[in-house]
**Student:** 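The structure follows.
Basis for what follows: all heavy atoms, side chains included, without hydrogens, waters or symmetry-related copies. Everything numeric here is computed off the predicted structure, so don't read it as measured data. Here is how names work: the chains are called A, B, and so on, in the same order as the sequence lines, proteins then strands, and each is numbered from 1.
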Amino acid sequence: MDILLKESLAGAVAVLYGKEVSENLLQIQKTKKEFTGDYTLVVFPLLRISGKSPEITGQEIGDYILANTPLVSEINVVKGFLNITISSSEWRDRLTSFDSEPDFGFSSEGKNSETVVVEYSSPNTNKPLHLGHIRNNLLGYSLSRILSASGKRVIRTNIVNDRGIHICKSMLAWKLFGNGETPESSGKKGDHLVGDYYVMFDKEYKKQVAALTEKGMSSDEAAENAPLMAGAREMLLKWESGDNETLDLWHMMNSWVYAGFDVTYKALGVEFDKIYYESDTFKKGKELVLEALTREILYKKEDGSVWADLTSEKLDQKLLLRSDGTAVYMTQDLGTAVIRHDDFNFDKHIYVVGNEQNYHFQVLALILGKMGFGWAEGLHHFSYGMVELPEGKMKSREGTVVDADDLIDEMTDTARLMSQELGKLEGFSEGEKEAIYKKIGLAALKYYILKVDPKKNMTFNPAESIDFNGNTGPFIQYTYTRIQSVLKKANEGGMGLNRNSFTDVIPNAKEISLIKLINDFPSLVNEASRELSPALVANYCYDIAKEFNQYYHDYTILGESDKNIRDFRIYLSDMAGLVIKKGLWLLGIDVPERM
RNA sequence: GGUCCUAUAGUUCAAUGGAUAGAACGAAGGUUUCCUAAACCUUAAAUCCAGGUUCGAUUCCUGGUGGGACUACCA
């Protein structure tokens, strides 16, 4: 629609002023609510071409397209703005044309599609997932859906940080204090059990440090020399050298954690195409580093540690191998990136990782570039802000970390309570009801998080997040179920089946607003993909839900006596529902048919 | 100290350089013999400060101020 308009506007300018205009001078935007019109041409940029005042220029162009472009039914000029109204019948025809598009708004993957790897989640295997991971998972999952809906080949991956000193800490604590506790013996979810030992390590370690400082040791020295820390370091060395006993313990505890993570991922509704493990990729990283060392891209210090010198890029020096030869986080990320490129030959690689790692990813791309990998230019750190609580940052020490499993349960509980109070789910089995509660609770959580610009830190207010009214996920779901309810009744009454019956219907203003929103959906998907912005999709879903609710309130659909208008309204509702469902799908939110 | 992110109603969030800054929650009031009131309608309420670029700045640039992150042989 707006492309057609743009062409006729360009034509108008060419005829009137005898000059071709470049694309960027024709600024078309949606007309603001308080003015009459559908699209608005901002005429200021054209004044140099017309050599006339804004009002006259607007009027001249407006008069021309009104006379020469059939789809324009009306124009008006306010200051430097030319407001253009598209004829109602044009909008109606536009609506019916959506039907001919097989998967409205979504593009499918083709031979020339860009390949994009999206990494998200990236858990450590020493503690359960928390609220911060939830933001990460939801963003990553939604991004992957948005990208694939815009026609890209998307590979969803996860890197599991399953090795390193932090893992050794929980292993050591379990060995020393665990008395053989297992998920089976304790009934604890595996990731929580392992997390408990990580916390225990920290507690006992602090005690040891305190004891040492009391004996007169400096706090730095004490931190180095506490037996637990020495033990953890020793364990890491054993692990890297392949010690069987250590590996067995590691395998066992990791398997507990993975079982726990699977439950959380499933509850959250996210999945991956390929999961990488740091324990596999760090070796590749070490090889890369050693190889680059021989090419003198990196250098070795006297103590044997290996570094990248990035001072010419105005950054610091970066450690890549410790003096004892063990790998650090950066080492494995180098390896992971190269392995992934070998696996998928990606054009782009998006890392969904918190903004506290901005530096890390800047360095990662630089080092890969130095090593000679041209594709490193395709690496993109999708950096998102922290999640804070109303009382401030989450601190594990103070026990204010919001656990992912708990949170999901609480949202479902709230949905259950609310739903039972409203009592609209009669006739469903308990199992069906539970499935609906879960969809609603998760929608509240997901929408609450995804509607916020990812770059910004966000405040997670538990009281607000479980609100199901207003600008929330359940509000949008509710709109969808209202539509389904109408469609079901229409179907039962044999109405709305004839889509050719409304070719003469002239839609009213509210209906045109809805058609416009539906019409926007395909370009919205592309924009969200280009901008990597689930928030854009969330806002869109809310806009159309709000618009439909107003329509639903102001007009009757099934009660309309004119059969053609009724059929038209049923069809319009159907399309609005479809777009809401697709929009929510892009956010990873499921819709219930009733609620 | 250095680098990066950020600042909009009481609160949580919107606004490709365009018109009178838009929602939600909260506050006050109203709507149900009518397709689901988890809805709809009305009212009050905001661009951190100072410069600059521009016909036009919440948006871009510079400098302040407040908040946050990073600057580990942690991840």
**Student:** If stacking means aromatic ring centre less than 5.5 angstrom from the base's six-membered ring centre, planes under 30°, is A:Y552 stacked on B:A39?
**Tutor:**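 Stacking is absent between B:A39 and A:Y552, given that the ring centres and planes do not meet under 5.5 Å and under 30°.
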
**Student:** Which nucleotide in the list B:A19, B:C4, B:C35 gets nearest to the side chain of A:I557?
**Tutor:**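 That would be B:C35.
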
**Student:** Are any of A:R322's side-chain N or O atoms less than 4.0 Å away from OP1 or OP2 of B:C74?
**Tutor:**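 Checking B:C74 against A:R322, a side-chain N or O does come within under 4.0 Å of OP1 or OP2.
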
**Student:** Under 5.5 Å between ring centres and under 30° between planes: does that hold for A:F35 against the base of B:A19?
**Tutor:**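 Yes, aromatic ring over the base.
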
**Student:** May I have the distance from A:N457 (atom CG) to B:C70 (atom C1'), rounded to whole angstrom?
**Tutor:**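 A:N457 atom CG is separated from B:C70 atom C1' by 13 Å.
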
**Student:** With hydrogens left out and only the distance checked, is there a donor-acceptor pair under 3.5 Å joining A:T479's side chain and the base of B:A39?
**Tutor:**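 No pair found.
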
**Student:** Distance-only, no hydrogens or angles: does the A:Q477 side chain make a donor-acceptor pair with backbone N or O of A:K439 under 3.5 Å?
**Tutor:**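 Indeed, once roles are kept as given, a pair shorter than 3.5 Å links the two residues.
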
**Student:** Pairing check on B:G22: which nucleotide meets the Watson-Crick or G-U wobble criteria with it, both distances under 3.5 Å?
**Tutor:**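 Check on B:G22: paired to B:C13, both distances under 3.5 Å.
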
**Student:** Any carboxylate oxygen within less than 4.0 angstrom of a Lys/Arg side-chain nitrogen, looking at A:K286 and A:E240?
**Tutor:**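 Yes, this pair counts.
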
**Student:** When you match A:H360 and A:F475 each to their closest nucleotide on RNA chain B, which lands nearer the 5' end?
**Tutor:**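 Final value for this comparison: A:F475.
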
**Student:** For B:C35 and A:S485 - does any side-chain N or O of the residue sit under 4.0 Å from the phosphate oxygens OP1/OP2?
**Tutor:**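 Result: no.
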
**Student:** Where the side chain of A:N76 meets the backbone of A:T36, is there a donor-acceptor pair that is under 3.5 Å apart?
**Tutor:**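 Yes: the side chain of A:N76 pairs with the backbone of A:T36.
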
**Student:** Taking atom P in both B:U59 and B:G18, compute the distance separating them and give it to the nearest angstrom.
**Tutor:**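 Rounded to whole Å, the distance is 11 Å.
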
**Student:** Using the six-membered ring wherever Trp is involved, compare the ring planes of A:F361 and A:Y351 and label them parallel, tilted or perpendicular (cut-offs 30° and 60°).
**Tutor:**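 Ring orientation of A:F361 relative to A:Y351: tilted.
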
**Student:** Give me the distance, rounded to whole Å, that separates B:G63 from B:U3 when you measure between the P atoms they each carry.
**Tutor:**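 Result for the P pair: 10 Å, nearest Å.
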
**Student:** If B:U42 has a Watson-Crick or G-U wobble mate with both distances under 3.5 Å, name it; if not, just say none.
**Tutor:**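 Answer to the pairing question: B:A28, which forms a Watson-Crick or G-U pair with B:U42.
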
**Student:** May I ask you to verify if any side-chain N or O of A:R48 is less than 4.0 angstrom from the OP1 or OP2 atom of B:C55?
**Tutor:**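 No, outside the criterion.
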
**Student:** Please confirm whether any donor atom in the side chain of A:D316 sits under 3.5 Å from an acceptor in the base of B:A72, or the reverse.
**Tutor:**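 When only heavy-atom distances are counted, A:D316 does not reach the base of B:A72 through any donor-acceptor pair under 3.5 Å.
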
**Student:** Could you tell me how far B:A15 sits from B:A23 if I compare only their P atoms? Round to whole Å.
**Tutor:**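 Comparing P positions in B:A23 and B:A15 gives a spacing of 14 Å.
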
**Student:** Could you let me know what B:C60 is paired to, Watson-Crick or G-U wobble, both distances under 3.5 Å, or none if it's on its own?
**Tutor:**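 B:C60 is paired with B:G52.
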
**Student:** Looking only at the aromatic ring of each residue, does the gap between the centers of A:F282 and A:W239 stay below 6.0 angstrom?
**Tutor:**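 Centroid distance A:W239-A:F282: below 6.0 Å, so yes.
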
**Student:** Below the 4.0 Å mark, does B:C4 have OP1 or OP2 next to a side-chain nitrogen or oxygen of A:Q362?
**Tutor:**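 Checking B:C4 against A:Q362, no side-chain N or O comes under 4.0 Å of OP1 or OP2.
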
**Student:** Would you mind pulling out the nucleotide paired to B:G1, Watson-Crick or G-U wobble, both distances under 3.5 Å?
**Tutor:**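 Partner of B:G1: B:U71.
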
**Student:** What is the pairing partner of B:U36, taking Watson-Crick or G-U wobble pairs with both distances under 3.5 Å in any strand?
**Tutor:**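 Answer to the pairing question: none, since B:U36 forms no Watson-Crick or G-U pair.
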
**Student:** Whether A:K455 contacts B:C5 is assessed here as follows: a side-chain N or O lying under 4.0 Å from the phosphate OP1 or OP2. Is that the case?
**Tutor:**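 No, A:K455 has no side-chain N/O under 4.0 Å of OP1/OP2 on B:C5.
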
**Student:** OP1 or OP2 of B:U36 less than 4.0 angstrom from a side-chain nitrogen or oxygen of A:K489, does that happen here?
**Tutor:**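 Checking A:K489 against B:U36: at least one side-chain N or O falls below 4.0 Å of OP1 or OP2.
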
**Student:** Can you tell whether the side chains of A:K510 and A:D554 come within less than 4.0 Å, N to carboxylate O?
**Tutor:**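 Salt bridge: no.
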
**Student:** By nearest nucleotide on RNA chain B, pick out whichever of A:T40 and A:Y359 is the more 5' one.
**Tutor:**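 In this pair, the answer is A:T40.
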
**Student:** Return the nucleotide paired to B:A7: Watson-Crick means purine N1 to pyrimidine N3 with N6-O4 or O6-N4, wobble means G-U with N1-O2 and O6-N3, both under 3.5 Å.
**Tutor:**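 Per the H-bond distance test, B:U65.
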
